[in-house]
Each structure stands twice: as C-alpha cells, then as structure tokens.
S.K.: 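Below is the structure I would like to discuss, written out as structure tokens.
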Amino acid sequence: MSKKTREIIGIILLGVVLTVIIIGRNNVVNAYEDVKLAEAKVQTMLQRRSDLIPNLVTTVKAYADHEETVFTEIAESRAKLANSINNSSMSEMAEADAELSQALGKLLVLVESYPELKASEQFTNLQYEIAGSENRINIARIAYNEAVMRYNKYIKTAPGILYAKLFEYEEMRYFEADPRSVSVPVVNFD
Amino acid sequence: MKRTFRSWISGLLLALVMSSFVCGIACAATIPEHTSNFYVNDFAGVFTDEQIKVMMDKAVKLCEEHDGAQVVITTISSLEGETVENYANQMYNKYKIGKDSMGVLVLMSVNDRKIRVEVGRTMQVYIPDSKAGKLMNTYAIPKLKQNMFAEGLMDLQDALVTEIKANLSGTIVEDGEEENEFYIPVLWIIVGLVIFLILLKLLESYIEEKERSRRYSSYGGWSGSSSSNIWYTSNSSSSSSSSNSSNNDSTIFSDDSSSFSGFDGCSDGGGASGDF
C-alpha cells in the first residue's frame, strides 16, 4: 500500500467518524428539542386554564360568596402553578396542576347546590372553556410524554447512548399526573 | 486489500445511515382511514344515501367558498376503550382537516353514547369551546338522546356550517401559522463538500493509477466504476420513501369521480364533548 493510499484512507476514515458524530449529535439534539417544544405547549395550556380561573371564581362568587374555603384553595393552588411555570419545573407543574384540578373539582361539586348559577349562561360557557382547557392540557401532556419516551429511548440505546454520554445529555422525566386528574370532566346537562 | 477496505467503509456507511433513520412510533387506538367522501364518514351506518348527499353538498360548498374550511362528520360504533377526546384528536390530526387548521370534526360513537366536536387550531378563533359546546348541546344532544342520530348530526352540521359562514363572510382567511423548518443544514453542506472533495481526489488518483497501470502493462486491475456505485447505493437508501396509501371505498357521493381529502390541519384538543 503506497503512502498516498494510506493518506486517502485516513482522510476518509476521519470524515466518516466526523459524520457519524455529527449525525449522532444532531439526533440527540433533535429529540431533546422535541421534548422542549412539547414542554412549552404543556406550559401554554396550563397557563391557559389558569387564566380562566379568576373569571370562574368571580362568576361563582356572584351566587355563592360565602364559600371562602374553596376559593382560598383555588387561589393557593393557582399561585403554586404560576410559580412552577416560572421555574419551568415539570414535576412541580404536574403536582400543582393536579392540586388545581382537585380544587376545581370541589368547586364544581359546590355549584350543584346553586341551581341559578348552574343555569346561568356565563357559567355554562366557562365550564366548556375549562373542560376544553383541561382536554388541551391532556393532549399536550400525551405529546410531551411521547417526546420524552422517544428521547429517553434514543439516549439509552445504541448508538444514541454514545452521543448522550459524549455530550452529557441526561434522562428526562415524564409529566406524571395525579391519577385523579387524568379523566377530563365531561359537562353534563341532565 | 483496497477492495476489502471499500466494502468495509460502504458497510459502515450503510449501517450508519440505517441506524440513524430507525425510529419507533407509538400509536394507540387504530383510527380508520377516511372514506373517499371525507366529509361524511359513516362507519356506524346511521345515514341514508340521501342524507349523506345533502351533507356532502353543504360541506363541499363551504370548503369551496371559504378557502378550505372543512366540517367533517364521522360516526363510529365503538371507541375501543379510548376516550372520546383522545380519539377525536387523533382522528382530526390523522385526517388533517381544514386548510391552515380551519376545520371542525364531529365524532359520534354510537355504543359509547358519546359525541365530540373537535375544533382545529385556527378555527378556535371563530368557534371557541363554549360555542362548540353550545351548538352541540342545542342541536345534537336532544335528538341523539332520542336515538335520532342522523337528524341530530345533520342539524349540528348545518349549525356549524352556518356559524362558520357567518364568521367568515367578507373576511379573507390569512395564511396562518406555517410549520417553521428553520433548521439550516450549513454543517451538512460543509461536510458534504468535504466528502465530495475527498471523493474527487480519490477518483482522480484512481484514474491516475489506472493510467499508470495501463502504461506499465497490467496486473489484474479493478474497475473504477465500483467506487462510485458505493455512494449511489448509500445515497439512495438514505432517502426513505414514504408511501401514501389512500384507500378508495365506494363513493356514494360522486363528484367528477374525484375523492375528497383534508389539507394540513391539526388540533390541540379544543372543542367540547358530551354524553347523550
């Protein structure tokens, strides 16, 4: 083998190695960015529901202003959610979201004893908006968990594990909701 | 020696290309392909041909007059254990209803006695969740409760079409959000150029060598064409072809024998659902 051939083979090998590394890194980055994008969507949807709540509270207060405990609970869990969105910590968000869902559930039970409130158009509309928001959160959460699954799968199997180790990409956590908040409340008009 | 190296490199490249394209896709309930009618997918069989024709006329006209706004009605017999919200969302995104997500999907499951109005992302501006819920509750639910499925859904479709027309008349639907593919593969171009230059160099030296060997009498040469073949094969395997399968069911509504389909719509889960 002449010197020249060896040189050429060396260059090709170097090129191949570089290409392999670049492709691998791109794949990790793509999977990671998909997760980030899905995370942003979850945040947007959580925020969306959170924004509806003052409206809902005002409407309910007009008919039932003495139910202070529920309102306080809602305000507290909403503040917690806002905080977790600012910190963009997914596990905190999941927790705060579950708490808020629970508080809202209590509010909806409470509403049962106020027929005029239940029949008011404003309340009906808000109920649909909130149910829609909760469904959006659910859909965004499913998409987020799928993105996390793809990412985790990639960085835990060959060849992704190499690049993940090389560029220090770590495993991500699923958005795990409280089992109570998984089912979307369906508005019923019986 | 050279031969083994070349085959070794090409094998490596093939393995690389293949491994980087393998990707698992998770999918839950199996959403059926839409019929060639598209606007009315009567999988549960609740409509008569005449009713389908009436609904198809309305939906086709709406789409033509209002720049790709689509209202799709689908009946299924069972949700197969999936929630109506998730099923409808998956179906909406599979059918890609509405140009720029200007679409509405009405999904009714007969056995589960559930209905959902799924509203596309852009359409939510005109039909917010509360409006979707109100229309569903006013036009569909009372009739669905009496098992008048066809009538309830036809009324709901009519109400939705009227609502969309009222909102869109006189307004021009602007080209909304486009999926930004802002990833510019500058690096790839550079890498490609480097590889190309190396190849060129390689080819040059091969030709040189070949000429030399021809000049100084031959000793069982190799064919220069095989080196370029390696690259063709690895290139052709990288461009994975996706086959779009469109199934043509028997079209009840035939319009110049062309079948209908969606555009590029997607939904983030907006809309309303209810029991009946």
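Note that this is a predicted model, so its numbers are computed, not measured. In the text below, chain A, chain B and the rest are named by the order of the sequence lines, each starting its count at 1.
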S.K.: Just to verify, which of Asn135(A), Ile142(A), Ile139(A) counts as forming a side chain to side chain contact (heavy atoms under 4.5 Å, CB included) with Asn89(B)?
M.R.: Ile139(A)
S.K.: Is any side-chain heavy atom of Asn86(B) less than 4.5 Å from a side-chain heavy atom of Asn138(A)?
M.R.: yes
S.K.: Around atom CD of Glu68(A), are there more than 12 heavy atoms from other residues, nucleotides or ligands closer than 6.0 Å?
M.R.: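 For Glu68(A), atom CD is crowded (more than 12 foreign heavy atoms under 6.0 Å).
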S.K.: Between Val194(B) and chain A, with a heavy-atom cut-off of 4.5 Å, which part of the residue counts as in contact: side chain, backbone, both or neither?
M.R.: neither
S.K.: Counting C-beta onward and ignoring hydrogens, is there a side-chain heavy-atom pair between Met45(A) and Asp268(B) closer than 4.5 Å?
M.R.: yes
S.K.: Could you give the distance from OG (Ser130(B)) to CD (Gln122(A)), rounded to the nearest 0.5 Å?
M.R.: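 One gets 11.0 Å once the value is rounded to the nearest 0.5 Å.
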S.K.: So with a 6.0 Å cut-off around OH of Tyr95(B), is the heavy-atom count from everything else above 12?
M.R.: yes
S.K.: For the residue pair Lys4(A) and Glu208(B), establish whether any side-chain heavy-atom pair is separated by less than 4.5 Å.
M.R.: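 Of all side-chain heavy-atom pairs linking Glu208(B) with Lys4(A), at least one is under 4.5 Å.
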S.K.: For Lys134(B) and Tyr128(A), work out which heavy atoms get closest and say how close.
M.R.: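 That would be N-CE1, 4.0 Å.
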S.K.: Please indicate whether Arg173(A) has more than 12 foreign heavy atoms, meaning atoms of other residues, nucleotides or ligands, lying under 6.0 Å from its CZ.
M.R.: no
S.K.: Give a yes or no on whether Tyr139(B) atom OH has more than 12 heavy-atom contacts from other residues, nucleotides or ligands under 6.0 Å away.
M.R.: no
S.K.: Salt bridge check: are Arg136(A) and Asp129(B) linked by an N-O gap of less than 4.0 Å?
M.R.: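 Salt bridge flag = yes for Asp129(B) with Arg136(A).
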S.K.: So with a 6.0 Å cut-off around CZ of Phe196(B), is the heavy-atom count from everything else above 12?
M.R.: no
S.K.: Roughly how far apart are Ile11(A) CD1 and Leu199(B) CG, rounded to 0.5 Å?
M.R.: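 If I round to the nearest 0.5 Å, the distance is 11.5 Å.
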S.K.: Under the side-chain contact (heavy atoms from CB on, under 4.5 Å) rule, what do Ile198(B) and Ile12(A) come out as? Steps first, then yes or no, please.
M.R.: CA-CA 7 Å; Ile198(B) 292 168; Ile12(A) 290 178; 3.7 Å; yes
S.K.: Just wondering, more than 12 heavy atoms not from Glu112(A) lying within 6.0 Å of its CD?
M.R.: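 Buried by this count: over 12 neighbours within 6.0 Å.
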S.K.: Under a 4.5 Å cutoff for heavy-atom pairs, which residue among Ala272(B), Gly270(B), Pro128(B), Ser267(B) has the most contacts with chain A?
M.R.: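 Among Ala272(B), Gly270(B), Pro128(B), Ser267(B), the one with the most close pairs to chain A is Gly270(B).
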